[in-house]
Structure formats: C-alpha cells, structure tokens
Visitor: 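Just dropping this structure here.
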Amino acid sequence: MNSKFFEGINFGFSKNVPVVLQTELTECGLSCVAMISGYYGANENLTDLRRKFPLSLKGMTLRQIIEVCGRLHMSNRAVRVEVEELRELKLPCILHWEFNHFVVLKAVGRKTVTIVDPGHGERKVAVSELSNSFTGVALEVWPDIEFKKTPPEAPIKIRELTGKFHGVNGTFAQIIGLALSLEVFALLSPLFMQWVLDNVIVANDKNLLNTLAIGFIFLILLQQGIGAFRSWIMMYFGTSMSVQWRSNVFRHLMSLPISYFERRQLGDVVSRFGSVDSILQTVTSSFLGGVIDGVMTFITLIMMFLYSVELGLISVSTMLLYGLGRLLWYRPLRESTSETIVRGAKTQSHFLESIRGIKALQLFGKQNIRVSAWQSLVVDQVNAGLKTQKLQLLYQQWNGLLFSLEGIVIIWVGANMVMESALTVGMLMAFNSYRSRFDGRVGSLIDNYFSMKMLRVQAERLGDIIQTSPDENIVLDERELEKLDGSLELKGLTFRYAQGEAAIIKRISCAIQPGECVAIVGKTGSGKTTLLNLILGSLKPTHGEILLGNKDLGMNGPNLVRGVTGTVMQDDVLFAGSLADNITFWDNEIDQDHLDYCINMAMLKDDIGKFQMGLNTLVGDMGSALSAGQKQRVLLARALYKKPKILILDEATSNLDVNTEAAINAGLRTLKLTRIVVAHRLSSIEAADRVLYIEDGCLLLDTTPKLFFETGIYRSGSSPSGEAGQIFA
Ligand SMILES: Nc1ncnc2c1ncn2[C@@H]1O[C@H](COP(=O)(O)OP(=O)(O)OP(=O)(O)O)[C@@H](O)[C@H]1O
C-alpha cells in the first residue's frame, strides 16, 4: 500500500508543527496552511505562497483556504465540532478563531489544548476557555497522493541582508590584529603569579620580584593602551557600518510597492527596520568575539595541556556539558524571543495608531478603551519577555552549578597532584588561571555561536523587507518621457484584489486623447479609485493592458506613468515643512514663477496672503495646520508644480465651496494637459469633455456630460432623507 496512505492516518506520534508566523495583517490562513504542509514535510515558504495565492486586505475565507490546500495537494474536510469533540479530529488541523482569525490546533490534552497562533506562536489554552474563542468550525488537512515533500529552505544569510559595505575590510583586519595582540598579553599574566610563587617566595629573591613587577606593570600599560585604541576603532567601525546598512535598508524600503505597506501594521514595519541594529550589534560583538575566542581557546587549551593532561580533560568535559545545555535551551529560547519581538511590534503599532487617531479617540471619549487594550498588549509582551527571562535564569543556574563543581574537582585533583609532586603550587595556580580563561573563552564562543543562530529570528524579520522586490522599473530616459503626449488607452482591463474574490474592475476598454478632460463617475464603491490606482501602477491588472502613448505600462513599470502624471488622491498627505517645501516637494532649485503660477491655479493666493509667514508658513504634521479645503488646494498646487502631462484628481475638490471649485475647473481647462477626474459634484462633471460611468466595476457609459445627464442616471432629486441635490437613479 502507498506510504502516502499511512501518512494520512493519525498514529498519534508527535512530529513537530513548524511555527510560521504571519507577516502581513491578513495572512493567518496562509500561515496555517504553511504550518500544516511543513508538518507533513513540504516546507512551503510564506513569501512564495503569498506570490502564488495573492490575498486581499479583507483576509482569507475558509473557502479560500480549502482552495489553497487543494492546490498544494492536501485533502481536507471542514467540520463543525464541539469543544469536547476536538480530540477526535485529525491533528494538526485548522481552527476558526474569534470569527476573524485562524490558528493551528496541535495537541489536545485533558485540561489544555496546544495551539499555534500565526500571530504570536505556540501557546496552551485551557479547555474551559476554548469556547470564548473557538467558533466551532475546524478544517482537517492531510496530504493526498500527489503531495510532494520539499526540504526546508536554508536560513537567510546575514550577507544577503547587509548589501555592500565600503571601506570596512581594512578596519576589520586592524581590529582583529589589535584584539589578538591584547590576548597575547593576557596569556602572559598568569606567569607572574607562577614565577612569584615558585621562584621569588621559595628563593626569597626580592630583586627578581621587583624586576617581575616592573616588567608586568609595563605589560599592563601596553595592554591598556592597545585596548583603548581597539575600542576607538570598534566605535568607528560599528558606527560606519550601522549608517551604511540602515541607509541601504531604508533606500530599499522606500522603493517597495505601495501594497507592501498597506498589508502591514506601521509598528511592525518599524520593528522590522529596527532589526538592523540588533543584528549589527550581535554581528560586530559576536562575530568578532567569536574569531578571537576561537583562536585564543586553542592557544589556552595547549597551555593547559602542557601543565596537566588530566586537569585539561576535566575542563574540556565541562565545556562539552555546557555546550549541550546551550543546545537544549536553544529552541525554546528562540521561540520565546520571537514571540517577545512580535508582541512588542503589536504594542508599538497600537501605540502609533492611537497617537495618529487621538482626535477621534477624544471626540468619541474612547481613550479608556484604547488604554486598556494597550495595557493588555503590554502585559502579553511582558509575559513573553518573562518567559525568555525565566529560561535564561534556569540556564544561568545550570551554568553556575556546572562551573562551581568543575572548580572543586580541579582543585581536588590538582592538590593531590601537588602532594604527589606532579605539579608545583605555582603551576596549579597558573593552571587555574588558564582554566578560568578557557572556561570564559569557550563559554563565550558557544554563546556567540548561539547568538548568531538566534539572529535568525531578527534576520527573518528583516528579510521580509530585504527580500521583497521593489517595483520593476526600467531606467527612465527624460527624452522618452518628453515624447509622451498624455494619451492613455485601457484595453480589456480587469482587476480583482485576490484570487477567488469578485472582480472590482471588469473588462474596461477606452481611449483618452491628449488634452481631454474625462470625469469618472459612479456610485460609491463602484471601483473608481481602484481604476485610478491601476492607471498609476499602484495595482497590477489581473487581465488587460494600459498603454501610455504607445508604451505598455506593464512592461515599463510604474515610474513611466508616475513621471508624467500629477495626482491628488483621496488619502494624500502633506509632510512637516513649509508650504513652499510641500508644493515644490523640496525642490533644490525652486522655479518661483512657476510656483506662483501653480498657487494662482489652485486659488491659494489669497489664503497665503493672509498667512503671516506667507509661503514659509509651516503646514504642521501631515498638514494639520491647514483647513481641509486649503490642504486640497496645496495638494493640487503640488501636482501642478510637477508640470504633468496627465492630471489625475480623485475627489480633489470635494472640500471646496462650489464657487472656488468652479474657478479652479475654469483655470485647469486652459491648461494643455489630459485630466482624469473622479467627482461626485455636478459642476466637476459638467466641466469635463467626457463622462465614463462605472457601475459595479463595468464601464456602462462613455459619453458627453450633456448626454449623460439626459440618461437620468444622475439627476436632480432628493435623497431618502429628503435632502435635495444630485443623486444616482
Ligand atoms: N485593498 C483592498 N482590498 C480589498 N478590497 C478593496 C481594497 N480597496 C478597495 N476594495 C474594494 O473595492 C471596491 C471598490 O473600491 P473603490 O475605492 O475603488 O471604490 P470607489 O468607487 O472609489 O468608492 P468611493 O466613491 O467611495 O471612493 C469596494 O468594494 C472596496 O471595498
């Protein structure tokens, strides 16, 4: 019978469920699938899974998880079970959790069950508390006949993460050289005690004592000098590496697609970026320390064996036990460290979100809810940290016991040897000194090795930034951009946010001529912003193509279209700085005439005239010092300052009064540029040459404003509440 058949049967042997933590906000389902497929031997990488099964920001449904399992050749069965029936399920399986999350059920005990939560890691939940979170829906998953095992991927190499450093190789060699010379001095110091005990005291030789003391004082001064020089170089080396590496990572982060940021919490991205420092700290101290410790351990060991083979063997055995202890502690320590970091990132996200949304919180009087939610996140974080500390505490006790016992055994055996005249007292003292040096060195060598291994947690988190590819962009030639005339063509454009979800844009085709003004209208949620995001390259079409001039956007990357468009989007922001900075986007050589022209076009002149500091007025954090209408007009001026060939406005004048809006529209009409405007207001639609009416993602009408109004789709009327205005039929 096929071995796959047996793999599908639960014999109750406990293989390990690999912990795959989710990186994006909504990929808990995908992480659960990755964990179960890993349990059966197919180590699916979450990044690859994400690529194969794109998710929308709305998360994954059970139906989508079943589809993914099917595509990965895993059979499954969705069942409705009571808490008491959980032990009858085939484990590991997926549980629906708190109506918005999925977790893996790993084991069912008498009083507790073990779950692996893709958000935090493994934990035990009391059976009595299970019904608070478990919705009663479970998905059993097991491999089918075509299921293929794949070996786990090699962990990310630190070198892959760092990128290139300049001018550090020479410094690195210098540091190693200085550190080694320091160690040679350290190796000589036990001889002082040995010579004093064996030669000075026995022979009552004061002259020799003085000579030895002066010699060793000189040695110590030299040692201190070299030590200070090494620390200074280390400081220089560490700082320059930190600046270079952080710049490399930040540059890469800035080039990532917009979707990367939409799918992650702010605090999580900040915490991942912070991994650079943790890695750098460990790499500089552990790696450097590791090289030096390795060399010195070897030399010290030779010295010890020269004194006594028996005593040397006792020390080596102790170190083997120490290494074994470190190995046993590694996995639990790694998991608890990882959980501490993830929980820390969650707390930070909550904190940043609360600060950003402080106004809404205060207006709704909901600060207390936010505070208690934050407190419970902090408690989780502290508990995870305590777990790590408890493990370390146990480990330290183990080490203390081990080394104390070793000390007693060495003195006991050594004293016997002295009594049998196999060693002198001085030699025993010197040996003991070398032994404590050896213990320290090997201990730190082993610790450094595991610290480097532990870096995997940080490296994987940072890898999420580094290993995400930036948007593919061809290098832009200014002359190519010059040739573009501002025409645009959409051919059979279809888009869905995720596989298995309904299409939001459905087979839209239309051509927009240079200089034309097109209004995109439709009910709220009909897909207008999504269409603009497709045109701007922020989203990639599922089918169809977009041509700019005669250039295919898909082939050229978003920089092409972004090079010729000026945009004001619904969620656009201003940055801390002056009005002039924001409008010119920190242009080094401000074109004052053009700046004045854009300010006039955006009807900002009067407002700026009223500000005491004129164009140097600060806009506050994200434009908080401006009114909503002023902010929209600054954004419009910023878009125009770019001298675009295509102007894209997504409800960019919605906060303006009708007169100001009409004046701006009249001004824009005089410009020679293509305009694509999403608007709900009658005046903005009237100002357009053409109207594209979108309903439920389909382009239903492509006509003139006059004919559009005649259809009666958008007409004067009153809303159900009796408010008069323009409404969709
Ligand atoms: N990132 C996303 N993931 C999944 N669905 C999304 C995402 N963004 C938007 N949608 C969905 O796509 C649909 C169209 O949204 P879109 O923002 O394009 O509508 P719209 O016509 O611009 O609406 P409005 O007039 O309210 O701005 C909506 O149902 C929305 O819920």
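The first residue of the sequence shown is numbered 1, and numbering continues consecutively from there. Computed from heavy atoms alone, side chains included, the values below leave out hydrogens, waters and symmetry copies. Order of listing sets the numbers, starting from 1, for every ligand and every atom in it.
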Visitor: Do you know which of T529, L490, L493 makes side chain to side chain contact (heavy atoms under 4.5 Å, CB included) with L534?
Guide: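 Result: among T529, L490, L493, L493 is the only option passing the side chain to side chain contact (heavy atoms under 4.5 Å, CB included) with L534.
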Visitor: Going by the atom numbers of ligand 1, which of them fall below 4.0 Å from some non-hydrogen atom of E651?
Guide: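 Result: 25 (O), 27 (O).
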Visitor: Any salt bridge linking K631 with D572? Criterion: basic side-chain nitrogen under 4.0 Å from a carboxylate oxygen.
Guide: no
Visitor: State yes or no: are the ring centers of H96 and F102 separated by less than 6.0 Å?
Guide: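 Aromatic pair counts; centres sit under 6.0 Å.
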Visitor: Could you check atom 27 (O) of ligand 1 against the protein and tell me its nearest heavy-atom contact, residue, atom and distance included?
Guide: Q570 NE2, 3.0 Å
Visitor: For atom 14 (C) of ligand 1, what is the nearest protein heavy atom, given as residue, atom name and distance?
Guide: G525 O, 3.5 Å
Visitor: Does NZ or CZ of R264 come closer than 6.0 Å to the centre of the six-membered ring of Y260, within 45° of the ring's axis?
Guide: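 The answer is yes; both the distance and angle limits are met.
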Visitor: For atom 6 (C) of ligand 1, what is the nearest protein heavy atom, given as residue, atom name and distance?
Guide: Y497 CE1, 3.3 Å
Visitor: Starting from atom 22 (O) of ligand 1, find the nearest protein heavy-atom neighbour and note its residue, name and distance.
Guide: T529 OG1, 2.7 Å
Visitor: In terms of the angle between their ring planes, are F575 and F585 parallel, tilted or perpendicular, with boundaries placed at 30° and 60°?
Guide: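 Taking F585 first and then F575, their aromatic rings sit tilted (interplane angle of 30° to 60°).
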Visitor: What protein heavy atom lies closest to atom 11 (C) of ligand 1? Include the residue and the distance to one decimal.
Guide: K58 NZ, 3.7 Å
Visitor: What residue and heavy atom of the protein are closest to atom 25 (O) of ligand 1, and at what distance?
Guide: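 Answer, as residue, atom name and distance: K528 NZ, 2.8 Å.
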Visitor: I want to check something: taking the side chain as every heavy atom from C-beta on, are I535 and L553 in contact at a cut-off of under 4.5 Å?
Guide: no
Visitor: Is there a heavy atom in E262 that sits closer than 4.0 Å to ligand 1?
Guide: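 False for this residue.
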Visitor: I want to confirm something. Looking only at heavy atoms, which of S654, G697, G527, G522 is nearest to atom 21 (O) of ligand 1?
Guide: G527
Visitor: Is it true that E661 and S683 share a donor-acceptor pair across their side chains at a distance under 3.5 Å?
Guide: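 Checked: S683/E661 side chains pair up, N/O donor to acceptor below 3.5 Å.
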Visitor: Check each of L539, T530, T524, I694 against atom 18 (O) of ligand 1 and report the one with the nearest heavy atom.
Guide: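 The residue whose heavy atom sits nearest atom 18 (O) of ligand 1 is T530.
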Visitor: Ignoring angles and geometry beyond distance, decide whether I504 reaches within less than 3.5 Å of ligand 1 through its nitrogen or oxygen atoms.
Guide: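 N/O-N/O distance below 3.5 Å does not exist for this pair.
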Visitor: Please verify whether a non-hydrogen atom of S526 lies at under 4.0 Å from ligand 1.
Guide: yes
